[in-house]
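Here's the structure, in structure tokens; my notes come after.
We use all heavy atoms of the structure for the numbers below, so side chains are in, but hydrogens, waters and symmetry mates are not.
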Amino acid sequence: MDSGSAKDIKHRLGFFLLKPGTSCEQSYSSGKKEKASTPQKVSHEEVKKWSNSLENLLSNETALTFFTDFLRSEFSQENIEFWMACEDYKKTKSPAKLGDKAKKIYEEFISVQAEKEVNLDSSTREETSKNMQDPTLSCFDNAQKKIFTLLEKDSYHRFLKSKIYLDLVNQTSCTCGAQKKGRSAASNHHNRGTTQCG
């Protein structure tokens, strides 16, 4: 990992930790009030859920950000970038834009001259190439499934064992633990005060 990537990830790790005074249970719901482009703060429970499945991780904006950072630190981000490009492509509402968007994705990730060429077998690459003659919303589906499988079998498991993910699990756990102790101490103090008043 280069020093620049390490600093970026460390900064992002600190940003995503819960703010003091924010409970674990409240963090996820309060994050929804922020702008859509602003990643949410995460609780320990939410971070742990990312290990349930790759689908779970990819459906969470914050998790996807950390996963992409991890792959970028390994100089292997082309697969997740292709997957995200396909997701964005499938949301295209104007048929007139399909051709240009499909061509851009193909030239960036699938063409033999692609700058960020993804690891596809020859038959899938050939099939996708033929789909470019008449692009539809599903023209990258098979290629995207193949890349998803590669991510699931390799990169995803490395991420779950990485320092990035383990640090996030540990630090969110410490944050939530401290908050729970604080709430417990405050509750005990209140109970003692009530007893004395009686």
Review point. What distance do Phe70 atom CZ and Ile80 atom CD1 have between them, rounded to the nearest 0.5 Å?
Key: 12.0 Å

Review point. Any idea which heavy atoms bring Val118 and Arg125 closest together, and the distance?
Key: O-NH2, 3.1 Å

Check your understanding: Is any side-chain heavy atom of Ser162 closer than 4.5 Å to a side-chain heavy atom of Phe66?
Key -> no

Point to revise | Set of side chain to side chain donor-acceptor pair (under 3.5 Å) partners for Tyr165, sequence neighbours left out | key: none

Review point. Asp88: what forms a side chain to side chain donor-acceptor pair (under 3.5 Å) with it, not counting sequence neighbours?
Key: Lys101

Practice item. Start with the C-alpha distance between Lys146 and Asp121, add both sets of side-chain angles, then the distance that settles side-chain contact (heavy atoms from CB on, under 4.5 Å), and finish with yes or no. Key: CA-CA 9 Å; Lys146 293 293 178 69; Asp121 59 87; 3.1 Å; yes

Review point. What heavy-atom pair brings Gly99 and Pro135 nearest, and what distance separates the two atoms?
Key: CA-CG, 4.1 Å

Check your understanding: Roughly how far, to the nearest 0.5 Å, is the CG atom of Asp141 from the CD atom of Glu127?
Key -> 9.5 Å

Exercise for review: Go through the structure and list residues passing salt bridge (Lys or Arg N to Asp or Glu O under 4.0 Å) with Glu126, not counting sequence neighbours.
Suggested key: Lys130

Exercise for review: Evaluate the side-chain proximity of Met84 to Thr68: yes if any heavy-atom separation is below 4.5 Å, no if none is.
Suggested key: yes

Review point. Distance from Trp50 atom CH2 to Leu168 atom CG, nearest 0.5 Å?
Key: 5.0 Å

Exercise for review: Taking the side chain as every heavy atom from C-beta outward, state whether Glu55 and Phe148 have any atom pair closer than 4.5 Å.
Suggested key: yes

Practice item. Using side chain to side chain donor-acceptor pair (under 3.5 Å) as the criterion, list what pairs up with Ser122, not counting sequence neighbours. Key: none

Exercise for review: Check whether any side-chain N or O of Ser53 sits under 3.5 Å from a backbone N or O of Asn56 as a donor-acceptor pair, and report yes or no.
Suggested key: yes

Review point. Which atom pair, heavy atoms only, marks the closest approach of His44 to Val169?
Key: ND1-O, 3.1 Å

Exercise for review: With the side chain counted from C-beta on, respond yes when Asn131 and Tyr106 share a heavy-atom pair under 4.5 Å apart, and no when they do not.
Suggested key: no

**Study point:** N/O donor-acceptor pair under 3.5 Å between Thr92 side chain and Ser94 backbone
**Key:** no

Practice item. Check step by step if side-chain contact (heavy atoms from CB on, under 4.5 Å) holds for Phe159 and Leu71. Key: CA-CA 8 Å; Phe159 171 71; Leu71 294 177; over 6 Å; no

Check your understanding: Residues two or more places apart in sequence or in another chain: which of them pass salt bridge (Lys or Arg N to Asp or Glu O under 4.0 Å) with Asp154?
Key -> Arg158

Check your understanding: Under 3.5 Å, side chain of Thr149 to main-chain N/O of Lys145, donor-acceptor pair present?
Key -> yes

Study note, to complete from the structure: For Glu78 and Glu117, the nearest pair of non-hydrogen atoms, with its separation, is CG-O, 3.8 Å

Point to revise | Any side-chain heavy-atom pair of Leu151 and Tyr156 under 4.5 Å | key: no

Exercise for review: To the nearest 0.5 angstrom, please state how far the CG atom of Asn79 sits from the CD1 atom of Ile147.
Suggested key: 4.5 Å

Exercise for review: Measure the CZ-OG1 distance between Phe140 and Thr128 for me, rounded to the nearest 0.5 Å.
Suggested key: 7.0 Å

Review point. Roughly how far, to the nearest 0.5 Å, is the NZ atom of Lys48 from the OG atom of Ser173?
Key: 8.5 Å

Point to revise | All side chain to side chain donor-acceptor pair (under 3.5 Å) counterparts of Lys90, not counting sequence neighbours | key: Glu87, Gln144

Check your understanding: Are any non-hydrogen side-chain atoms of Arg72 and Glu81 less than 4.5 angstrom apart?
Key -> yes

Practice item. Could you check if a side-chain atom of Ile110 sits within less than 4.5 angstrom of a side-chain atom of Leu120, using non-hydrogen atoms only? Key: yes

Point to revise | Contact check, side chains of Asn52 and Lys49, non-hydrogen atoms, under 4.5 Å | key: yes

Point to revise | Residue from Thr62, Thr172, Asn170 passing side chain to side chain contact (heavy atoms under 4.5 Å, CB included) with Val47 | key: Thr172

